[in-house]
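All remarks here apply to the structure that follows.
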Number of protein chains: 2
Amino acid sequence: MTLDERKMQILRAIVTDYINTAEPVGSRTLARKYLLGISPATIRNEMADLEEIGYLQQPHTSAGRIPSDKGYRFYVDVLMDHHLLPLETAVTIRETIRSRQREIEEAIHHASYVLSYLTNYTAVVLGPMPHERICEQIRLVSLDPCNVLLVLITVPRFIENQLVEVAEPVAPGELEKISMALTEKLQGIAWGVIPQDLIREIREIIRRQELMEALLQMLGVSAREDRVDNLYLEGTTRILDQPEFKDLEKARAVLGIFEGKQMLLEILEGVAREPGVAVSIGQENRRDEFKDCSFVTASYESGGRVVGTLGVIGPTRMDYSRAISAVECVADTLSELLDVLGKRKK
Amino acid sequence: MTLDERKMQILRAIVTDYINTAEPVGSRTLARKYLLGISPATIRNEMADLEEIGYLQQPHTSAGRIPSDKGYRFYVDVLMDHHLLPLETAVTIRETIRSRQREIEEAIHHASYVLSYLTNYTAVVLGPMPHERICEQIRLVSLDPCNVLLVLITVPRFIENQLVEVAEPVAPGELEKISMALTEKLQGIAWGVIPQDLIREIREIIRRQELMEALLQMLGVSAREDRVDNLYLEGTTRILDQPEFKDLEKARAVLGIFEGKQMLLEILEGVAREPGVAVSIGQENRRDEFKDCSFVTASYESGGRVVGTLGVIGPTRMDYSRAISAVECVADTLSELLDVLGKRKK
DNA sequence: CGTTAGCACTCTCTGGCAGCGAGTGCTAAC
DNA sequence: GTTAGCACTCGCTGCCAGAGAGTGCTAACG
């Protein structure tokens, strides 16, 4: 069923008003504030139609209407104005995030902060996954005869290191050689998908049990717990500002999920990694805990490859337009920044 | 004023009962559940006395009594049984935390988790402060002619690194020499209190503008924002389980503070760094936001030196005995672990 | 003189009830 | 097709009474 122009106007007005006020909106209000040409009675008829198709719902008989998930979906896909972020805001975002480019982690962390601050919703940024980072260089450095520092440098540029105690002293020259050989073998390979036979070859090169173990442990960072460290969450308490979470039980459920991070990780990993912004509304998130929440997410890239995802989490009654433009801007900024950081290396 | 034996018994019973039930406790309940020999009327007289001295208070005229901050203080200092953690729990703690000794950060993070899980309160662990860590070795490693990896290893054993792009290629031999000289100068010096003239000497050694800048930036980690990263907070939502925080505004205030972390950092830094467990009750925390909360904290050590603080945060109506023994056990375990990790290095 | 029983009193909490306000759906007229 | 009018529904608020818990005081007791 397609909606005529007037039904769309009405639906748009209801969603807009409800986003602003969080109160069910009635025909009278609507006529007065948005639709001066039409009488409340007419609006009532239209609203009844909209409810029947499933775009609206009524909390109880004598209340106004509120949008259903389906209503929000139609709003986001069809009705909404895609208002742009004011240029000065965009510039500020860029500068704020760029000013923290000492390390990528810092920039990512900061991006989550900016996003939350910008939207007043909870923000989440998933950094480049350890097991997807591409190996650029491996170095073994002798600290003293018995201790070796194992350093891994990846693209995007993360530096992981681990201190390894070796049973028998190693000659620095030996480490040099191993470093070169390892780098040659692994360069350009994604850190999480190293094939078995390559691992066998590496074992041949390294020879030392302790070092091999340490290397494998680094490979093991694709394990769950470590991936959670890669998720930056900011502004979790902002969900409490939303009237729909004035109920303590609801608030606790969502905050509990936030704290665990695990489920958020799964959700963000599940988001389609396509360019552009994705919106997931209410029950569209399969998780019951988020049935009153919406996600606005986008992926960011490094060297033309999608490496991570970020987004905001708010009530379904979210200001989608604002959220989308903010998420878009931060994602773009982050992509740019990663490219700059990547190119710096000669 | 000193309390006679019976007043103490009554106070102890009231605190115990209130800790368990969160309900104001009346004379009748008291007589029935704890003080079989005495009649409610007598207890009422005694309670009136205890209220007058300030150990108890009444939410309203016709309610039972609840302990005041002063009452809890007396309970903690004098009345409380110091019950020990069951041995198997202690062993479990030890094993759980030790199993994560790959990196110190991980162990610390895990300690906060264990502490929260153990007590059902919010747990917080402040890691060894960057500026207090003692410099053990500095290494400059050439990755390619134009990129140098700056590595700093400290006691307790943290490894910081930074990638520096240099304008003009450096010879590996040069870096070796600089590394040696720097290590010699800085070894044994606390990272945050390097005197000005030493910095001048270092500048002489390094010579290169970019490297010097990177080094100074690493020194700069004593700045606020970085110190916050050193604070591990776990179980923040557990405060919502407490009936005293069923009021959304109160809950939001505390959760807001948790999220910022800054204030917690200041509080933990302000805790006396003496061996043993410290308890700070209600208004004793100067911060108004925590006037209904208590902190149970302890310091942990590395090589005989206090390096960090940890603790739990709960309502003033906290199970102090349990909390104290848990905090104590985790602090000891962490100290031990740091020593083990420290000694591993030969 | 400390202890206790009895009693009047206070205060909170709960449930029922009425009145209100907002908003609807329906009908009939325009 | 649009609109005015009207009866109806439902949640919210405030009020009131009764129950329940606990107190302080007084007077009697050992």
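Just so you know, these numbers use all the heavy atoms, side chains as well, and skip hydrogens, waters and symmetry mates. Each chain gets a letter, A, B and so on, in the order its sequence line appears, and its residues count up from 1.
B:Ala41 comes within contact range of at least one nucleobase, with a heavy-atom separation under 4.0 Å. Contact annotation for A:Thr42: base contact, defined as any heavy-atom pair under 4.0 Å involving a base atom.
A side-chain contact (heavy atoms from CB on, under 4.5 Å) with B:Tyr18 holds for exactly one of B:Leu56, B:Thr316, B:Ile66; it is B:Ile66.
When distances are taken from the side chain of A:Gln58 to each of D:dT2, C:dG25, D:dT9, the shortest belongs to C:dG25. Between C:dT4, C:dG23, C:dG25, one nucleotide has an atom nearer to the side chain of A:Arg65 than all others, and that is C:dG25. Proximity note for B:Ser62 (side chain, C-beta onward) versus C:dT3, D:dC10, C:dT10: the nearest is C:dT10.
A donor atom on one side chain and an acceptor atom on the other are not found under 3.5 Å apart for A:Tyr72 and A:Ser294.
Within the model, atoms CZ of B:Arg32 and OG of B:Ser27 stand 10.0 Å from one another, a figure rounded to the nearest 0.5 Å.
In this structure, the side chain of B:Glu259 engages the main chain of A:Thr237 through a donor-acceptor pair within 3.5 Å. A donor-acceptor pair is defined here as one N or O able to donate and one able to accept, closer than 3.5 Å; such a pair exists between the side chain of A:Asn285 and the backbone of A:Gly282.
Between B:Arg6 atom CZ and C:dG2 atom C1' the separation is 8 Å, expressed in whole Å. Atom CD in B:Glu46 sits about 11 Å away from atom P in C:dT4, given to the nearest Å. In this structure, CD1 of A:Ile38 is placed 16 Å from C1' of D:dA4, rounded to the nearest angstrom. One interatomic measurement links the two molecules: CD of B:Glu23 to P of C:dT12, which rounds to 15 Å at whole-angstrom precision. Whole-Å rounding puts the A:Leu56 CG to C:dG25 P distance at 11 Å. The CD atom of B:Glu51 sits 13 Å away from the C1' atom of D:dG22 (whole-angstrom rounding). B:Arg32 places its CZ atom 12 Å from the C1' atom of D:dG22, with the value rounded to the nearest Å. A straight line from NE2 of A:His60 to C1' of C:dG25 spans 15 Å, rounded to a whole angstrom.
Look at B:Arg28 and you won't find any side-chain N or O under 4.0 angstrom from OP1 or OP2 of C:dA5. OP1 or OP2 of C:dT4 sits under 4.0 Å from a side-chain N or O of B:Ser39. Within the structure, every side-chain polar atom (N or O) of A:Thr61 is placed at least 4.0 Å from both OP1 and OP2 of D:dC8.
One donor-acceptor pair, N or O on each side, does fall under 3.5 Å between the base of C:dG25 and the side chain of A:Arg44.
Each of B:Gly64 and B:Asn45 was assigned the nucleotide of DNA chain D with the nearest heavy atom; the assignment lying further toward the 5' end belongs to B:Gly64. Taking the nucleotide of DNA chain C with the nearest heavy atom to each of B:Gly37 and A:Pro24, the more 5' of the two is matched to B:Gly37.
Nucleotide C:dT27 is matched to D:dA4 when pairs are restricted to Watson-Crick or G-U wobble geometry with both distances under 3.5 angstrom. Judged by Watson-Crick or G-U wobble contacts below 3.5 Å, the nucleotide C:dA18 has D:dT13 as its partner.
Below 30°, between 30° and 60°, or above 60°: for A:Phe295 and A:Phe290 the angle between ring planes is above 60°, a perpendicular geometry.
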